[in-house]
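Take a look at the structure set out below.
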Amino acid sequence: MYQSVFDKITLNNGYQMPPMSVCGDMENSDDLELWKRKHPDEIPFLRNIEEYLECGFRSFDTGKRYGTEEVLGKVFRECGIPRDQLFITTKVYHDGHGYDETLRYVDRVLQKTGLDYIDLFLIHCPVTYRGLYAQTYQALAECYEKGMIKAIGVSNFTVQHYYDLEELSGIVPAVNQREQHPWYVQHNLLAYEKKHGIIPQSYSPIGQGKYVNDKKLEWIARKHHKTIAQVILRWHLQKGFMLVTRTWKKYRMKENAGVFDFELTPEEMAFMETLNRGERNWHDPMRFPGSCFYYPAEKAFFETAQQELEKRYAEPQKRQAVREKIRELTESQDVDGTRDVIIFCFTRAVQKYGRNEDIPKQAADEAKLLAAQMLDYIESQEEET
Amino acid sequence: MINSVFDKIELNNGYQMPRLGSGPDLPEAEVGAWNVSQTDEEIHPGAMGFQKTLERLIECGYRSFDSGARYGTEEPLGKFFRACGLPREELFLTTKVNNVMQGYDSTMWDFEQSMKNTGLDYIDLYLIHCPVPIKGQYVDTWKAMEAIYRSGRVKAIGVSNFTVQHFYDLAEVSDIVPAVNQYEQHPFYVQANLLAYERKHGIVAQSYSPLGQGKFARDPRIQWLADKYQKTIAQIILRWHLQSGFMIVTRSSNYDRIAQNADIFDFELTPAEMGFMAALDHGDRIWHNPDRFPGTAAHIHVEESFRKAVEDEIEKRSLPDHTARRILDAEEILLEPADIDGTKDFVIYCFNRAAAIHGRNAKIEVQAIEEAQKAAAEFVERSLSC
């Protein structure tokens, strides 16, 4: 088992990777340029990375959405640590799926970061409705063979997506980065991954901090003189998973790095095994179309609903009652706030047009249609009563 | 289009099975004391006796009956099959190996019991009731199932409550792919990863608790579909199962509901409506998590051993009353079921702990009891120290 923060895990293609990565997130900003304009004098994220390096972290997780690729590249080139001791993971974003787009994107990342190669390239999310993940993967495989990428993997994938990749033949993904913690272990998926030597990399390893005060784990933490968060992180390592952590505070970085000097006993691991409740905190990747597609569809739905409401009802009281009814029918049932009704717009678009590139636009159109239909339905129900 | 209750699905070995099945419980009055304390009337108002239920099921077109060694319904079902006047090949009987009878020889024995109970020449479908992964015997059990299948006395073999890992383990030792996996499934609990495996290998999913134990039968979001087709929400959900390619096991013994559940063959949900149903999955499991559940009896035994050991520990140390009470209160908190089905985490912990030490094996229950006793001593120790 790991003894130090510098230990590495061997991926299924022989490449080595540190088991614990950190995610550098440009908080609330997708665009580094914009961020720089707002804060011309400081790049706190840069300082953040330096603190991480001091704490012994060598693996950094990024993606187009986080806006940190450029900064990370700069640090990698200038920090003085040899490139082969550093590790960078980045991802193809939802709107960049497709064979040609991905090839272009890999080039652009290499340019932006100024690096000779990227260690690990992932598909951020399968975006099942668009159905372009296989092509995207093929492009990544090509870059892998050219040596621009040292390992390729996926994120938020499920067994069905793996099967689709199997048909392409060739390279098995090395990593699947997905939500995982003792309270959310997907046995069916893990079984596939174990069989094919795919290493899961857990994001939200402590469930977004939701469980750091879980009384049930206190006795283990006390026994090892560790925090509950450290006990949970250690569980991941002993299960053979990799981790992505994220924090802005240096004492937390140290806390996260301090999980290499103790070992949970088999009894304690057995105790942790009993915590699984299927408690997902993030999107269900099987149905979530990606934020950049979901929110426009949601907006289209509620805007249309509002317009229809104003058109059909003059009385403010009546409007309020109908608005209430709409709220009831569109309420989110999911822990991550995803509204079933918006997912329906996507599945309906897929039923009509099949999986295709333009699904997000088609789903937004369906959302407008559906909003009108919902008001029809509410009207018809009222007539009955 | 599935438009008749008599419509069948072809299993991966070519055998045909009705899509709609029923596994009614034997009312308590007819079985002596089963493991329910209420009378059947209290649990299921309007429930009929077993014989009447079966007659009503036949009348409404049901031909597939679900049983299991532990339900106590094999014998009456067998009798009914022989007496009802329908040709045997029109009827379909599923039964299952009892969890405590897993292992090669005991499965063989349990099968003979089932044959004796039913008094039939053959059983249509024979399932492993639950993998009970902590015992790790399902592979041996499967080998026995294979031998039974080859003898021709069952027409198809399958599993119940299996996950992908268990399928992989069977695939390593056997060429026979299970024909059916019976497990909890409804629009609110769809295991996409499992379904992907099953689709790839031609395993038909059979949904038990198809309506989520009635929990979702009033979901207002499905009302518009019910209105549109002049059906109940329950009927819309059952239709969803059929159109998704699943088989269904219902359990009702209510005269009207039996008919309602079978009245789902005269309408069809549109692709868009199926798309709507697909948006309802939130992983809402209602029954045991088969990946960790050790079986009802084993669960009870270990819990009782733990309680007993705590009492012994208190007695041994001759603790004063108020301290003893404090410990017993803490024990109740520790044993609070954390899972929706009432499974107690602490009991599962005793099993996991035994498995961590001895590995998964057939004697795990005894070892779990030992671990429960050790854990009880540790627990009392910890309670006293704080």
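All chains are named by letter (A, B, ...) in the order of the sequence lines, taking the proteins before the strands, and each is independently numbered beginning at 1. What you see is a predicted model, and the numbers here were worked out from it, not measured in a lab.
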ask   = Around atom CH2 of B:W287, are there more than 12 heavy atoms of other residues, nucleotides or ligands at under 6.0 Å?
value = no
query = Given a strict heavy-atom distance threshold of 4.5 Å, which part of B:D284 is in contact with chain A: side chain, backbone, both, or neither?
reply = neither
message = Taking side chain as everything from C-beta outward and backbone as N, CA, C, O, which of these in A:F271 sits under 4.5 Å from a heavy atom of chain B? Side chain, backbone, both or neither.
response = both
key: Proximity breakdown for B:E371 and chain A, heavy-atom pairs closer than 4.5 Å   = neither
task = Identify the residues of residues 159-167 of chain A whose heavy atoms come closer than 4.5 Å to a heavy atom of chain B, ordered by number, or report 'none'.
result = A:V159, A:Q160, A:Y163, A:E166
query = In terms of heavy-atom proximity below 4.5 Å to chain B, should A:E366 be classed as side chain, backbone, both, or neither?
reply = neither
inquiry  = Could you go through A:V341 and B:F276, starting from their C-alpha distance and side-chain angles, then the distance that decides it, and tell me whether this counts as side-chain contact (heavy atoms from CB on, under 4.5 Å)?
reply    = CA-CA 8 Å; A:V341 72; B:F276 173 76; 5.8 Å; no
task = Could you have a look at A:M272, A:R277, A:M269 and say which one has the most heavy-atom pairs with chain B under 4.5 angstrom?
result = A:R277
query = Does the ring center of A:Y133 lie less than 6.0 Å from the ring center of A:F157?
reply = yes
query = Of the backbone (N, CA, C, O) and the side chain (C-beta and beyond), which part of B:D345 lies under 4.5 Å from a heavy atom of chain A, both, or neither?
reply = both
task = Sort B:I357 into side chain, backbone, both or neither according to what part of it lies under 4.5 angstrom from a heavy atom of chain A.
result = side chain
request  = Could you list the residues that satisfy salt bridge (charged side-chain N to carboxylate O under 4.0 Å, His left out) with B:E184, not counting sequence neighbours?
outcome  = none
Considering all heavy atoms, the nearest B:P178-B:I203 contact = O-CG1, 3.3 Å
query = Between B:F379 and B:F346, is the ring centre distance below 6.0 Å?
reply = no
query = Would the number of heavy atoms belonging to other residues, nucleotides or ligands and lying under 6.0 Å from CH2 of A:W282 be above 12?
reply = no
inquiry  = Quick check on the 6.0 Å ring-centre criterion: do A:F288 and A:Y294 meet it?
reply    = yes
ask   = Where on A:K352 is there a heavy atom nearer than 4.5 Å to chain B: the side chain, the backbone, both, or neither?
value = neither
inquiry  = For chain B, which candidate among A:T338, A:D334, A:D284, A:I343 shows the most heavy-atom pairs at distances under 4.5 Å?
reply    = A:D334
query = Would a line drawn from the ring center of A:F346 to the ring center of A:F293 be shorter than 6.0 Å?
reply = no
inquiry  = With a 4.5 angstrom heavy-atom cut-off, is it the side chain or the backbone of B:Y197 that approaches chain A, or both, or neither?
reply    = both
Under-4.0 Å salt bridge between A:D340 and A:R287 = yes
message = Heavy-atom pairs under 4.5 Å with chain B: which of A:R339, A:R348, A:M286, A:Q333 has the most?
response = A:Q333
task = Against chain B, label A:Q186 side chain, backbone, both or neither, depending on which of its atoms sit under 4.5 Å from a heavy atom there.
result = side chain
Atom of B:D227, atom of A:Y377 and distance for their closest heavy-atom approach = OD2-OH, 3.6 Å
Ring centres under 6.0 angstrom apart (A:F262, A:H224) = yes
